[in-house]
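Just so we're on the same page: letters track the sequence lines, and every chain starts at 1.
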2 protein chains.
Amino acid sequence: MVYRRTHQVVKRLAARRSAILTAARDAAAEGGMAAVQIAPVAVRANVAAGTVYRYFPSKADLISELIAEVSRDELAAIRRAADAAPGPSSALAAAVTTVAVHVISQRKLAWGILAEPVDVDVTASRLASRREIAGEISGRIDAAVRAGHLPAQDTALAATALLGALHESLVGPLAPDNTDDPGRLRDAVQTVTLLALRAVGVMDARARGLVVQAVLPAKTLVGA
Amino acid sequence: MVYRRTHQVVKRLAARRSAILTAARDAAAEGGMAAVQIAPVAVRANVAAGTVYRYFPSKADLISELIAEVSRDELAAIRRAADAAPGPSSALAAAVTTVAVHVISQRKLAWGILAEPVDVDVTASRLASRREIAGEISGRIDAAVRAGHLPAQDTALAATALLGALHESLVGPLAPDNTDDPGRLRDAVQTVTLLALRAVGVMDARARGLVVQAVLPAKTLVGA
DNA sequence: ATCAGGCCTGAATTGTTGTTCAGTTCTTGA
DNA sequence: TCAAGAACTGAACAACAATTCAGGCCTGAT
């Protein structure tokens, strides 16, 4: 054998794989999942259509991995924000705010990851993504309950409902399209966060403080 | 001219159109929107594939009309339930409960109408459907606010968020699949309704009364 | 420089459904 | 019973993207 998997080759292969995934992500961010088609993605990544299949067995696998990747990033951001908060309640508020800020600042991508029609089956991947995020939120609610800040409740159901509220009101078809205006965006984030927190039993007065605390730091995540 | 649109003919045509729509609805209720394909629907309706196109210009039109029809039914049910309630707050509770009961008792259909990927563009129709339902809920929230039962708020956003919470937690991919057990179903409806009402500012103690009042009558709508 | 071996290319293939339409069947009024 | 006109049939067509693969290209060891 005269051709071997040199370190350099391995690195190039990994870079290419990453380029394809990034191309897919960019396409999704620009035009939603509908724009994630093999040929255009290949062009974006500077490879031929066939090459995509050397890295991903099928389009379903490509999109599944895209969903998983975005999900991982989001989960990490949520954890970071929540862990930086001083107590369970503000951790929950920070987590919720982080989700809100993320989805509102990448609406097309969020919509694609969450709910946009795709021609291949990515149910499993979407399910896993939701489970991860909902699990994290559920845990934060639970912590607040254990700390006596919230009434006892079905935290898994609450987390799911809460995410549904955020998603529908910020990236759903009825979401107000304040395309850019940062002020309106922040208002929307605040309003919806408040609503979500009230749903799980956070008292109004307290919530306002938590939300204000949470929104400002989370803003810095937009660029990340 | 020797062939004319006799009353009998008109009736038969209307019946056929209705049969096709019903076939589509049944297919959607059984297998989601994915099952609404021209050929199978035609078989169900006892017509040939081509005949469908004498009644609906395209598949998109067929599905759009299906969505509109289901939406009309739901809106009517919501109004009926809310109008029968003694006051604004219980009207809101009744409206929310009605939505919850409907979606949970026809999950596949609801998922198809609301969010399931479809290969044709039905965005406009889905948007209209959401607008109608959200508008109704928004109006009910507004009435409760005007009655002084709820704090002032962006009722449109609240209605959207509230519906998102209901849908995601009852028919979304993370919804607990208590396939049949009526007890569990009622529990889920109650829990989520309570959560939704809290989100818009209904006080807990009061909410329990409202929810219990609302769930029982709404149960009778399942069969309708 | 050489060549073995995998990597990349991109045009052709495949598969899936919505849609069409020429021919057939049915309905109506005379 | 018959002619005119409309509705129905269902096989053929069209369109669109995902997927394949034969041939060329590049990389790395000798």
Under 4.0 Å between a side-chain N/O of [X] and OP1 or OP2 of [N], yes or no?
X	N	value
R16(B)	dC8(D)	yes
Y55(B)	dC8(D)	yes
Q8(A)	dG28(D)	yes

With V43(B) via side chain to side chain contact (heavy atoms under 4.5 Å, CB included) - residues at least two apart: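 None.
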Side-chain donor-acceptor pair present, S169(A), T160(B), cut-off under 3.5 Å: no
No-hydrogen, no-angle side-chain donor-acceptor test under 3.5 Å, S58(A) and D61(A):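 Note: S58(A) and D61(A) side chains meet the donor-acceptor criterion.
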Spacing of [X] atom [atom1] relative to [N] atom [atom2], expressed in whole Å:
X	N	atom1	atom2	answer
R54(A)	dG23(D)	CZ	P	17 Å
N46(A)	dC7(C)	CG	C1'	16 Å
I20(A)	dT9(C)	CD1	P	9 Å
I63(A)	dA18(D)	CD1	P	8 Å
H7(A)	dT27(D)	NE2	P	16 Å
L13(A)	dG5(C)	CG	P	18 Å
Y53(A)	dC21(D)	OH	C1'	13 Å
D121(B)	dG18(C)	CG	P	15 Å

Quick one: which of [options] gets closest to the side chain of [X]?
X	options	result
Q37(B)	dA17(D), dT20(C), dT17(C)	dT17(C)
K59(A)	dA18(D), dT27(C), dA7(D)	dA18(D)
I38(B)	dT19(C), dG10(D), dT27(D)	dT19(C)
A48(B)	dT28(C), dG10(D), dT9(C)	dG10(D)
A49(A)	dG10(D), dC8(D), dG10(C)	dG10(C)
D119(B)	dT19(D), dG18(C), dT27(C)	dG18(C)

Test salt bridge (Lys or Arg N to Asp or Glu O under 4.0 Å) applied to R25(A) and D73(A), step by step: CA-CA 12 Å; R25(A) 187 170 183 158; D73(A) 291 354; 3.0 Å; yes
Sugar-phosphate, base or nothing in reach of F56(B), heavy atoms under 4.0 Å: nothing
Sugar-phosphate only, base, or nothing, as touched by V47(A) at under 4.0 Å among non-hydrogen atoms: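 Here V47(A) touches the backbone only, sparing every base.
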Audit row: R130(A), L163(A), side-chain contact (heavy atoms from CB on, under 4.5 Å) steps and yes/no: CA-CA 9 Å; R130(A) 276 178 156 80; L163(A) 287 172; over 6 Å; no
